[in-house]
Novice: 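Mind having a look at this structure? Questions to follow.
Numbering of residues begins at 1 and proceeds along the displayed sequence. Every number for a ligand or one of its atoms is a count from 1 in the order of the listing.
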Amino acid sequence: MITLKGITKTYKSGEVSFQALCGVDLTIEAGEFVAIMGPSGSGKSTLLHILGMLDRPDGGSYNFSGKEIGQLPDDQLALLRNHLAGFVFQQFHLLARNTALVNTELPLIYGGNRHLKSRAVDKLRAVGLAHRMNNKPNQMSGGEQQRVAIARALVNEPLVIFADEPTGNLDTKSEADIMGVLQKLNTEGKTIIMVTHEQEIADLAKRIIRMRDGKIVKDERRELPVKAAVSSNGQDTLSPVDKILHGKETLKTAEFMDHLRQAVTAILGSKVRSALSMLGILIGVAAVIAMMGLGQGAKDDITSRLSSLGSNLLTLRSGSHNFRGVASEAGGAETKFTVEDADAIKKLGTVKSISPSSGGSGQLVAGNKNWRTRIRGVGVAYPAMHNAVPASGRFFNEDEEKRRVKVAVLGSTVAKELFGEADPLGHSIRINRIPFEVIGVLPSKGAGPGGMDQDDTVQVPYTTAMYRLFGKTNVDSIEVEVKEAGLIAKAKEDLTTLIVQRHKLSGETLNSFQIIDLSEIQQTVAGTTNTISLLLGCIAAISLLVGGIGIMNIMLVSVTERIREIGLRKAIGARRKDILIQFLIEAVVLTIT
Ligand code: ADP
């Protein structure tokens, strides 16, 4: 079954190299029970590892059932190990967190034989552990653990069992038990290759090979091998090796579920560490949500403040937009708007509503209280345009506007200064000595641009302000609400044409009025808040990344810590891919949890 020719193996560590095997020739028949003996360091384990396909020889040929397998790639060797070889180690190497049954099932999972799980039960029964199936390794004696390891080695019906000092860690009674099991397996036709340094143990085998300094020095056969083992393969044209290598396998749901189950077991196995690594992601995700929430909140707040400025608003104002301020006051032409202008504008198709404005300062008197503030004459449409419906009382109506009625709506600061906590509604106040009736109080808006108190104002009908309070014949400005945002450009054009026509403007005087577009300011501010949200989002993303790196670190540590487990899994047939998937699934489960 196995033929080795001129096998060599050299270990290199740094500059020093050591030849552990120096040309080993060996033939092993099916059904043999071979014990490999020799002093420590003679190369027994190295030879066993090469025979068991755990390691590759540097030179020479390794022929298994007629097929050269010495230099096959890792994944193919893993597949062969899984199907052809069963391992029993001195240290048992069971997965500590899993039950005897799960440990025994492991090779089935890697070998794509998960439908044969009932076999694990049979094998455990066969080694006399029917009552121990659901116990974990730490609840079992050394001998029992080693029997689980043997059941695991047998579960895929391998051709050869490789045992490395299988009784090295056991008491005399367990030692006899284990050797009994191995002998029984051999009589049933299994080929067994065992490394031992104890003569009594070796005496139970049928053939003893002695090694020294990397060579076989003695080979004595005491009994002929049992012949039954491979006879069933006799008529097959394909060798067992070829059959295994050509079997196709893909990742199926069942396999995925197995990996998932193992991942969950591993995570539950180290709860504190898993919880701590989850904490990182938890903080990361919480940060993302909190930052996004804060960003959105800030945006909403700013938007609501902006909406008090009004949306889709244009303000028509006297004076040049090229020479604002000083230049225009110093003699530049100014178009003065009239009430008739306002009426004409109101009739434009793109305009929803207008509010002419006429303001000035005024001295307020109520009872024995005095207060100086800004008086704003506005149109009836003002509350709707500025989202500023009175908090109590009412705004003036069209009729009152037309009749220049002396009614006033107070800003909350003014109301407080003049009336304290008392309700000002219905009371009479004097503005610049003219009596007005208080009909409403405006909602509180807080500080506006430049820290100005927006509540320190009084609103009256613009007609009243113009004709009764300030004696003006022109309006100061006209606020125009455009029907929808898309019409703003068109509305600007219409307004310009209208004013130019009505005031017969040309040349220089074309610049004698200006249209201020609030939506531009709003867009700028909205853009700024977007930038702020983005910034917050980036900060949060960084914390999420840090959380992720945390998980990565923990996984890396757990890979390092579990090298032994990974080694065992590979020995029983896991490929690189299987190990990778297992750890990836663990990381993903942690993250999702
Ligand atoms: P045995 O099992 O007979 O005690 P081994 O096969 O384990 O001997 O080792 C044979 C020799 O090879 C020993 O001298 C050992 O130090 C050396 N050796 C084994 N494995 C390695 C390795 N991975 N790297 C370097 N040297 C090794």
Novice: Using the ring of each side chain (for Trp, its six-membered ring), is F87 parallel, tilted or perpendicular to F89, with breaks at 30° and 60°?
Specialist: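 Taking F89 first and then F87, their aromatic rings lie parallel (interplane angle under 30°).
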Novice: Of the protein's non-hydrogen atoms, which lies at the shortest distance from atom 7 (O) of ligand 1, and what is that distance?
Specialist: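 Looking at atom 7 (O) of ligand 1, the protein heavy atom closest to it is S45 CB, 3.6 Å.
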Novice: Is there a donor in the side chain of N312 and an acceptor in the side chain of E484, or the other way round, less than 3.5 Å apart?
Specialist: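 Short answer, no.
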Novice: Tell me, which protein residue and heavy-atom name are nearest atom 4 (O) of ligand 1, and how many Å apart are they?
Specialist: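 Checking every protein heavy atom, the shortest distance to atom 4 (O) of ligand 1 gives G41 N, 2.8 Å.
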Novice: Starting from atom 5 (P) of ligand 1, which protein heavy atom do you reach first, and at what distance in Å?
Specialist: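 Answer, as residue, atom name and distance: T46 OG1, 3.6 Å.
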Novice: Are N530 and K299 close enough that a side-chain donor and a side-chain acceptor fall under 3.5 Å?
Specialist: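 Yes, K299 and N530 have a side-chain donor paired with an acceptor closer than 3.5 Å.
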Novice: Looking at K9 and R56, would you say the former's side chain and the latter's main chain have a donor-acceptor pair under 3.5 Å?
Specialist: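 Here the side-chain-to-backbone pair exists.
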Novice: Please report whether ligand 1 has a polar contact with A20, defined as an N or O pair separated by less than 3.5 Å (distance criterion only).
Specialist: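 Looking only at distances, the answer is no, because the N/O contact criterion of under 3.5 Å is not met.
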Novice: Among all protein heavy atoms, pick out the one at the shortest distance from atom 19 (C) of ligand 1; state its residue, atom name and that distance to 0.1 Å.
Specialist: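 Residue, atom and distance for the closest contact: Y11 CE1, 3.3 Å.
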Novice: Do the charged groups of D74 and R81 touch, with an N to O distance under 4.0 Å?
Specialist: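 A salt bridge is absent here (no side-chain N lies under 4.0 Å from a carboxylate O).
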Novice: So, 4.0 Å and heavy atoms of S42: is ligand 1 close enough to count as a contact?
Specialist: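 Within the 4.0 Å threshold, so yes.
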Novice: Quick check on atom 1 (P) of ligand 1 - does any protein heavy atom sit closer than 4.0 Å to it?
Specialist: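 Within 4.0 Å: yes, protein heavy atom nearby.
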Novice: Got the closest protein heavy atom to atom 8 (O) of ligand 1, with its distance?
Specialist: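 Going atom by atom, the protein heavy atom closest to atom 8 (O) of ligand 1 ends up being G43 N, 3.3 Å.
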Novice: Backbone N or O of P57 within a donor-acceptor pair of the Q71 side chain at under 3.5 Å?
Specialist: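 Checking the backbone N and O of P57 against the side chain of Q71, a donor-acceptor pair under 3.5 Å is found.
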Novice: Starting from atom 15 (C) of ligand 1, locate the nearest protein heavy atom and write down its residue, its atom name and how far away it is, to 0.1 Å.
Specialist: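 The closest one turns out to be F18 CE2, 4.8 Å.
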Novice: Write down the atom of P39, the atom of M211, and the distance for their closest heavy-atom approach.
Specialist: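 Closest approach of P39 to M211, heavy atoms only: CD-O, 3.4 Å.
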Novice: Any protein heavy-atom neighbour for atom 22 (C) of ligand 1 (distance below 4.0 angstrom)?
Specialist: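 When distances to the protein are checked, atom 22 (C) of ligand 1 has a heavy atom within 4.0 Å.
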Novice: Relative to the heavy atoms of S40, which atoms of ligand 1 are at a distance of less than 4.0 Å?
Specialist: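 Taking each heavy atom of S40 in turn, ligand 1 has 4 (O) under 4.0 Å.
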